[in-house]
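Beneath this line is the structure, given in structure tokens, with notes to follow.
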Amino acid sequence: MKSFSVVADYLTEHADSLAVKVVDDIVQRLGIVLSQEELEYYYSVYTEFITLSAEGITLNEYEVPEGFLKMSQKSGERSAAHRGRISGVIGRYPQIRLGLIDQITKVSLEHGLTFEESAEINKRVNYMLDITVTETILAFERQTDSVIDERGKELIKKQKAIDALSAPIVPIHDGIAVLPLIGNVESERVEHIFNWVVPEISRLKLAYLIMDFSGIVTIDTYVASQLFKINDVLRLLGVNMVFTGIRPDLATKSISAGIDFSSIKTYGSVLKAIEVIK
């Protein structure tokens with residue numbers, strides 16, 4: 001409609017001054033205080049908002065300017081990148097909606113549009129704002145998922161480094177090495193031993209591996225069963241595995257848990273094991 005174009009042209013031409021009115025109205029309504037730098041930023045943002053709204057008015061009923069979508073996506077991504085909350089972004093939209101609709105309605109009436117025409121313009125602007133909200137949320141979620149994924153990868157990388165440091169193979173004599181178990185031995189640690197330590201043992205051409213328990217607090221039946229499996233694998237590779245450092249309290253806990261170490265040679269200390277092996 002020609003009347004829509006007239007309103008759109010006016011909004012575009014006076015976007016700067018209308019943005020000031022919208023922002024000042026929102027600030028007053030919310031009772032907040034902004035610095036001049038913050039005000040200038042929001043003036044520029046709302047100038048773009050009004051300009052894009054003017055463009056949208058002239059489009060078909062359910063069309064939205066590409067710039068509206070890009071601006072919404074940037075808003076969501078920026079909030080997620082700065083670890084903001086989506087509620088902090090979306091929470092402003094009711095005030096934005098009221099401010100825009102109020103100014104656009106005044107412009108429509110000043111240019112002689114009928115009530116029906118003014119209502120149609122307002123409907124289009126509301127539709128664009130709804131699309132904007134949706135795009136902002138979607139962009140926020142995509143960015144958040146991306147950040148979480150990157151952090152997850154970094155945590156996995158760090159955990160692997162920790163696992164490597166917490167299960168080091170220490171060669172101490174020709175064909176003999178010690179694998180000290182430190183801290184809590186959980187399923188992830190045992191899996192690391194399978195995936196990394198076992199191949200390393202083969203590479204070092206060991207005849208004996210001393211697995212020392214003096215640095216661990218407790219052990220459960222699952223972990224024990226996995227360690228026995230490691231022993232089975234090493235035996236097939238021609239490597240003899242012995243256990244050392246099983247303290248009285250750990251031995252008591254192991255017996256209570258039904259763990260039987262009798263199938264593997266055990267010694268009180270690494271030194272004693274070395275003496276016997278040599």
Side-chain angles (χ1 to χ4, degrees), residues 80-81 83 142-278:
R83 301 187 184 183
R142 284 194 299 269
Q143 182 68 19
T144 300
D145 290 343
S146 175
V147 170
I148 291 174
D149 185 52
E150 287 302 317
R151 289 176 186 165
K153 290 179 180 178
E154 185 63 26
L155 287 174
I156 291 173
K157 183 178 179 181
K158 288 180 179 178
Q159 187 58 51
K160 286 183 177 179
I162 292 171
D163 288 341
L165 291 172
S166 61
I169 298 176
V170 184
I172 56 176
H173 196 275
D174 290 343
I176 303 173
V178 176
L179 174 59
L181 300 179
I182 304 169
N184 294 323
V185 181
E186 300 170 339
S187 58
E188 291 81 4
R189 291 276 300 283
V190 177
E191 183 179 351
H192 169 70
I193 293 173
F194 257 121
N195 295 336
W196 183 80
V197 175
V198 171
E200 185 69 5
I201 290 170
S202 180
R203 186 185 70 81
L204 292 172
K205 300 185 180 345
L206 298 178
Y208 288 90
L209 176 69
I210 301 171
M211 187 173 289
D212 185 54
F213 287 74
S214 59
I216 71 171
V217 178
T218 187
I219 187 172
D220 61 31
T221 54
Y222 172 77
V223 170
S225 67
Q226 296 302 103
L227 293 178
F228 292 145
K229 286 182 180 180
I230 292 176
N231 176 59
D232 294 338
V233 171
L234 294 184
R235 190 170 63 248
L236 291 174
L237 295 174
V239 179
N240 297 290
M241 188 167 76
V242 299
F243 290 166
T244 63
I246 301 178
R247 304 182 312 277
D249 59 321
L250 182 60
T252 301
K253 291 177 182 177
S254 300
I255 292 172
S256 299
I259 301 171
D260 182 10
F261 286 112
S262 62
S263 62
I264 300 178
K265 290 183 179 181
T266 60
Y267 299 94
S269 67
V270 172
L271 180 60
K272 182 63 177 177
I274 295 173
E275 289 176 353
V276 173
I277 292 171
K278 291 175 64 177

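Within the model, atoms CD1 of Ile210 and OG1 of Thr244 stand 6.5 Å from one another, a figure rounded to the nearest 0.5 Å. Between Leu206 atom CG and Asp174 atom CG the span is 10.5 Å, to the nearest 0.5 Å. Ile264 contributes atom CD1, which lies 4.0 Å from atom CG of Asn231 (distance to the nearest 0.5 angstrom). Atom CG of Leu181 is separated from atom CG of Leu227 by 6.5 Å, given to the nearest 0.5 angstrom. Remark: Thr266 OG1 to Lys272 NZ distance equals 12.0 Å, nearest 0.5 Å.
Using a cut-off of 4.0 Å between Lys/Arg side-chain N and Asp/Glu carboxylate O, Asp232 and Arg235 are scored as salt-bridged.
Looking at Arg247, its side chain does come within 3.5 Å of a backbone N or O of Ser214 through a donor-acceptor pair.
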Derivation and outcome, side chain to side chain contact (heavy atoms under 4.5 Å, CB included), residues Val239 and Tyr208
CA-CA 5 Å; Val239 179; Tyr208 288 90; 5.9 Å; no

Is there a side chain to side chain contact (heavy atoms under 4.5 Å, CB included) between Met211 and Val242? Walk through the geometry before answering.
CA-CA 6 Å; Met211 187 173 289; Val242 299; over 6 Å; no

Hey, mind stepping through Asn240 and Leu234 against side chain to side chain contact (heavy atoms under 4.5 Å, CB included) and telling me if it holds?
CA-CA 7 Å; Asn240 297 290; Leu234 294 184; over 6 Å; no

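Across all non-hydrogen atoms, the minimal contact from Ala177 to Pro171 is CB-CA, 3.8 Å. For the pair Val178 and Leu209, the tightest heavy-atom approach, listed with the atom from each and the gap, is C-CD1, 4.3 Å.
Taking the six-membered ring where tryptophan is involved, the planes of Phe243 and Phe213 are perpendicular, since the angle between them exceeds 60° and thus also 30°.
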